[in-house]
Amino acid sequence: MTITLPQFHEPSSPSRSAPALHPGDLISQLLKEQSNLSAVEQFSEWHQTHTESAQAKHYRNLLPATMPTEGQQLAFEVDLDQCSGCKACVVACHSLNGLDEGESFRDVGLLLSNTEHASAFQHVTTACHHCIDPGCLNACPVNAYEKDPVTGIVRHLDDQCFGCQYCTLACPYEVPKYHAAKGIVRKCDMCSQRLSAGEAPACVQACPHQAISIRTIDIASARSAAVSTTFLPDSPDPRITLPTTRFVGKASNSQDLRAGNYATHALEHAHWPLVILLVFSQVAAGLATLMLLLRNVGLSDTAVTTLLVIAAGLATIAAISSTLHLGRPQFAYRAILGIRHSWLSREIVAFGAFIPLCWGSAWLSFADSSWMAACLAAAVVCGIAGVAASAMIYHVTRRPFWKAYRSAPMFMATAFGVSSLVALLAMQFTSANLQGLLMRELAGVAIVSGLVKLWLLKQSLAGHSNDSQLRGVQLRNCVRLQVTSVGMFVLLSGMIVFWPMTSASIVMTAAAIIAGLMAEVTERYLFFRAVVPLRMPGVVKA
């Protein structure tokens, strides 16, 4: 066997190597190498020389030829005859906008036949309608929405939002979506960055039937259409926010179709921090008002001071509770930015002034200062203004059960119902000559407040029992539960009127206060939980 060994060669000496490059030649070689563009540079150069994407030819007819001029804006147009309900638009919106799991700015709903003799259904794709008078923008207390003056697109400013979720109530179309992990609300902006680059929004580009397009509309015509025509069968009244989306096709104005989720009775979010906020702030405002009226008629200075401290404490707890409802409470100070247009900002300003004025009144009462009356009067004005603003916050959402003519008296009844019983308890420890008479009068105020609530509940049921937006069964269940809680409050308050004015009445009064607070919390819980929202046609859920 022959073994071949590897051959080793001596390295060449410098004297026998190739001649070294001249410095000028080296520079020329480097410059030559740099003249060849990298892949990134070639891609950038291609985009500079190509004004539209390779796919533009497929959706060029789905975009407006020119930008809107004065008196115009961009809007979605949906051809219902072409929509198959495939949800390609939902998937594209989710993917191309980098949304989290279960999050999408576009939804696909269903319209079903409303007659027994015909069977029909229609899929409906919806997103933000970029309204002429956006409810979300008007309601936002931190100015986290803006309407582009050129395109009319309603954008949400994520960095400005502090997660109060008021816009989700103010929008009748359930467009803004709250993201609990991020603590903010997010919504469709018509893929404005894609539009500015000449590309179609994700939903427009993804629809296989070209059911979605972007059009330029005349604002005046859209306003007139919203007032005079039906926006979409079984959808919220377009006069609320003047939506600009145009639905075309056979089903767009059909009165024989209703929402696929018409019969669903899902309960709404309870909003517990808001329950505490409303009850405690209203009771605090009522207490301050009663102290202004009764401080010289039967209540000792010690009782007045104590009750003002209780009122200020309740208002402070209410303010702290309200921050627990925020997704980003560290930005709560921004809440006054929208005071020119947002009732939520106005409520915050009113109660924000009420709290220090109430604490100041308590201190001035303790110090027996002559300024106490003026300070307390200012606190009462701010407190009543705060209660009125609270009613308007929910009135502007246009939900039938939250209308101001019902909510405002209901909130005022809360303010004076429990607070009168709290003042009554303080009367137990005074020795004023009018003590017995005032105690019965205060118990009477509690009874009247409860009866007002019962009457309002009855009127709401009688006045709206045939309203299709109220979904009869859900409303009746709501009223029955509220009648039970308020009725117990009235019963206990009535027992105090006829209860002998002895030491045992202290226990009865305390029990009535606890029952009253429980009734108020229950009523306010149902105020949020059982309300029927305005919404776009949704999908039937099993």
For this session: Could you note down all residue pairs passing side-chain hydrogen bond (donor to acceptor under 3.5 Å, both in side chains) where residues 127-138 supplies at least one of them, sequence neighbours left out?
Result: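 Sorted pair list: H129-T245, D133-N138.
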Exercise. Are any side-chain N or O atoms of H94 and backbone N or O atoms of E103, one a donor and one an acceptor, separated by less than 3.5 Å?
Worked result: yes
Locate the shortest heavy-atom distance separating [X] from [Y]; write the atom from each residue and the value.
X: C164; Y: L344; value: SG-CD2, 3.9 Å
X: P533; Y: V531; value: CD-O, 3.5 Å
X: G327; Y: Y178; value: CA-OH, 3.3 Å
X: P176; Y: T168; value: O-CG2, 3.5 Å
X: C358; Y: L308; value: SG-O, 3.7 Å
X: A222; Y: I132; value: CB-CD1, 3.8 Å

Exercise. Name the one of L534, L232, T241 that satisfies side chain to side chain contact (heavy atoms under 4.5 Å, CB included) with Y173?
Worked result: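 When side chain to side chain contact (heavy atoms under 4.5 Å, CB included) is applied between Y173 and each of L534, L232, T241, only T241 qualifies.
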Solution key, residues 385-397 side-chain donor-acceptor pairs under 3.5 Å, sequence neighbours excluded:
| from | atom 1 | to | atom 2 | distance (Å) |
| --- | --- | --- | --- | --- |
| S390 | OG | E347 | OE2 | 2.5 |
| S390 | OG | G386 | O | 3.0 |
| H395 | ND1 | A404 | N | 2.9 |
| T397 | OG1 | Y394 | O | 2.6 |

Counting C-beta onward and ignoring hydrogens, is there a side-chain heavy-atom pair between [X] and [Y] closer than 4.5 Å?
X: L337; Y: Q160; answer: yes
X: F527; Y: H271; answer: no
X: I184; Y: R186; answer: yes
X: S342; Y: C140; answer: no

For this session: Using a strict cut-off of less than 4.0 Å between a Lys/Arg side-chain nitrogen and an Asp/Glu carboxylate oxygen, indicate whether D158 and K182 qualify as a salt bridge.
Result: no
Problem set entry | Salt-bridge present (D107, K177; N to O < 4.0 Å) | yes
Problem set entry | Verdict with reasoning, D237 to R398, per side chain to side chain contact (heavy atoms under 4.5 Å, CB included) | CA-CA 9 Å; D237 190 338; R398 305 297 182 93; over 6 Å; no
Problem set entry | Neighbour count >12 (heavy atoms, 6.0 Å) for atom CD1, I336 | no
Without placing hydrogens or testing angles, list every side-chain donor-acceptor pair under 3.5 Å for residues 407-418, not counting sequence neighbours.
| from | atom 1 | to | atom 2 | distance (Å) |
| --- | --- | --- | --- | --- |
| S407 | OG | W402 | O | 3.3 |
| S407 | OG | K403 | O | 3.4 |
| T414 | OG1 | M410 | O | 3.1 |
| T414 | OG1 | K453 | NZ | 2.7 |
| T414 | OG1 | E520 | OE1 | 2.8 |
| T414 | OG1 | R524 | NH2 | 2.9 |

Exercise. Should the pair F351 and F354 be assigned to parallel (<30°), tilted (30 to 60°) or perpendicular (>60°) ring geometry?
Worked result: perpendicular
Exercise. Does any pair with a residue in residues 322-343 pass salt bridge (Lys or Arg N to Asp or Glu O under 4.0 Å), and if so which ones, sequence neighbours excluded?
Worked result: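 Checked against salt bridge (Lys or Arg N to Asp or Glu O under 4.0 Å) - neighbours excluded - no pair reaches residues 322-343.
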Problem set entry | Residues in salt bridge (charged side-chain N to carboxylate O under 4.0 Å, His left out) contact with R346, at least two apart in sequence or another chain |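 Partners of R346 under the salt bridge (charged side-chain N to carboxylate O under 4.0 Å, His left out) test: none.
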Indicate every side-chain donor-acceptor pair of residues 364-380 with a distance under 3.5 Å to a residue at least two apart or in another chain.
| from | atom 1 | to | atom 2 | distance (Å) |
| --- | --- | --- | --- | --- |
| S365 | OG | T305 | OG1 | 2.7 |
| S369 | OG | W371 | N | 3.2 |

